[in-house]
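A short worksheet on the structure shown next.
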Amino acid sequence: MTKRIIAALLALALLLAGSALSEGALVVYFSRAGENYSVGEIEEGNTARLAKLIAARTGAEIFEIAPAVDYPASYDECLAIATEERNSDARPAYIGDVEGWEDYDTVFIGHPIWWGTVPRIVYTFIENHDFTGKTVAPFNTHEGSGRGDSQQVMEGLLTDAAAVLQGLAVRGATAQNDAEAAGRAVADWLNELDIDQ
Ligand SMILES: Cc1cc2nc3c(=O)[nH]c(=O)nc-3n(C[C@H](O)[C@H](O)[C@H](O)COP(=O)(O)O)c2cc1C
């Protein structure tokens with residue numbers, strides 16, 4: 001009998017520990033709707049879709065890095081702006097901010113690959129926050145570059161974080177059109193990182 005009570009208490013403690021972990025997770029992402037490579041005109045960005053799959057699996061809260069000035073819906077115009085921002089090492093502004101930042105111990109950070117790297121607006125977000133003690137799990141969508149150099153960029157920007165885990169890269173078209181395949185990629189990645197889902 002006593003053994004059974006101890007086992008039940010242990011199970012309860014594990015359950016509570018698990019849910020505490022999910023409550024402490026946040027998915028932050030930047031994504032752009034409009035015209036894009038390989039997917040045509042889209043109403044919801046590819047990275048937004050991937051971000052929502054991660055949040056659904058982990059029970060994390062979501063914060064979207066929404067630009068103060070919208071990026072053009074035209075793919076070519078957006079390419080031109082992204083070039084300008086990269087060349088000038090810009091820090092574009094975004095709207096609002098995360099509430100209760102200090103409560104999160106795991107932060108997923110997602111973005112599309114722009115010119116082989118991390119869009120500058122993601123730098124703005126990271127530089128505005130204190131990551132001390134937080135574990136960061138980066139992810140991105142792309143159309144051929146994989147992670148590009150974003151793992152190194154994230155590690156360079158996040159020197160105050162407790163850890164920067166190995167990031168996940170998913171094709172934009174997969175995130176947009178094949179939720180099952182994207183969901184599998186997310187599940188495998190979370191397993192590898194040993195993150196509860
Ligand atoms: C400005 C810009 C630059 C891009 N540069 C690259 C690139 O260098 N490598 C790549 O694989 N895809 C590149 N892409 C494609 C995006 O990474 C891909 O479509 C991504 O899924 C878009 O995500 P989003 O819908 O969340 O914005 C670029 C797209 C844009 C708009």
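Because only heavy atoms are used, hydrogens play no part in the values below, and waters and symmetry mates are left out as well, while side chains stay in. First listed ligand is number 1; within each ligand, the first listed atom is number 1. Position 1 is the first residue of the sequence; numbering continues from there.
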Ligand 1-proximal atoms of Trp114, by part, heavy-atom distance under 4.0 Å: both

Please state which protein non-hydrogen atom is closest to [atom] and give its distance, to 0.1 Å?
{"atom": "atom 9 (N) of ligand 1", "result": "Ser145 OG, 2.7 Å"}
{"atom": "atom 8 (O) of ligand 1", "result": "Gly116 N, 2.7 Å"}
{"atom": "atom 12 (N) of ligand 1", "result": "Glu143 N, 3.3 Å"}
{"atom": "atom 27 (O) of ligand 1", "result": "Arg32 N, 3.0 Å"}
{"atom": "atom 22 (C) of ligand 1", "result": "Asn36 ND2, 3.3 Å"}

For [X], counting its heavy atoms only, list the atoms of ligand 1 lying under 4.0 Å from any of them.
{"X": "Gly45", "result": "25 (O), 26 (O)"}
{"X": "Ala82", "result": "1 (C)"}
{"X": "Thr47", "result": "23 (O), 24 (P), 26 (O)"}
{"X": "Tyr75", "result": "29 (C), 30 (C), 31 (C)"}

Side chain to side chain contact (heavy atoms under 4.5 Å, CB included) partners of Asn87, counting only residues at least two apart: Thr83

Polar contact flag, side-chain donor to acceptor under 3.5 angstrom, [X]-[Y]:
{"X": "Thr135", "Y": "Thr106", "value": "no"}
{"X": "Tyr123", "Y": "Asp89", "value": "no"}
{"X": "Asp97", "Y": "His129", "value": "yes"}

Under-4.0 Å salt bridge between Glu85 and Arg91: no

Glu127 atom CD, over 12 foreign heavy atoms within 6.0 Å: yes

Atom CD of Glu180 with >12 non-hydrogen neighbours under 6.0 angstrom: no

Measure from [atom] to every heavy atom in [options] and give the option owning the shortest one.
{"atom": "atom 20 (C) of ligand 1", "options": "Thr141, Thr117, Ile113", "value": "Thr141"}
{"atom": "atom 24 (P) of ligand 1", "options": "Ala48, Ser31, Gly144, Cys78", "value": "Ser31"}
{"atom": "atom 1 (C) of ligand 1", "options": "Leu79, Leu50, Ile81", "value": "Leu79"}
{"atom": "atom 25 (O) of ligand 1", "options": "Val39, Thr174, Asp76, Asn46", "value": "Asn46"}

Shared hydrophobic cluster for Leu53 and Ile195 (ILVMFWY, side-chain gaps under 4.5 Å): yes

Tyr75 reachable from Phe30 in the ILVMFWY side-chain graph, under 4.5 Å edges: no

Heteroatom proximity flag, Trp115 to ligand 1, N/O under 3.5 Å: yes

Chi angles and distances behind the side-chain contact (heavy atoms from CB on, under 4.5 Å) call for Phe125, Val98: CA-CA 10 Å; Phe125 180 89; Val98 176; 3.9 Å; yes

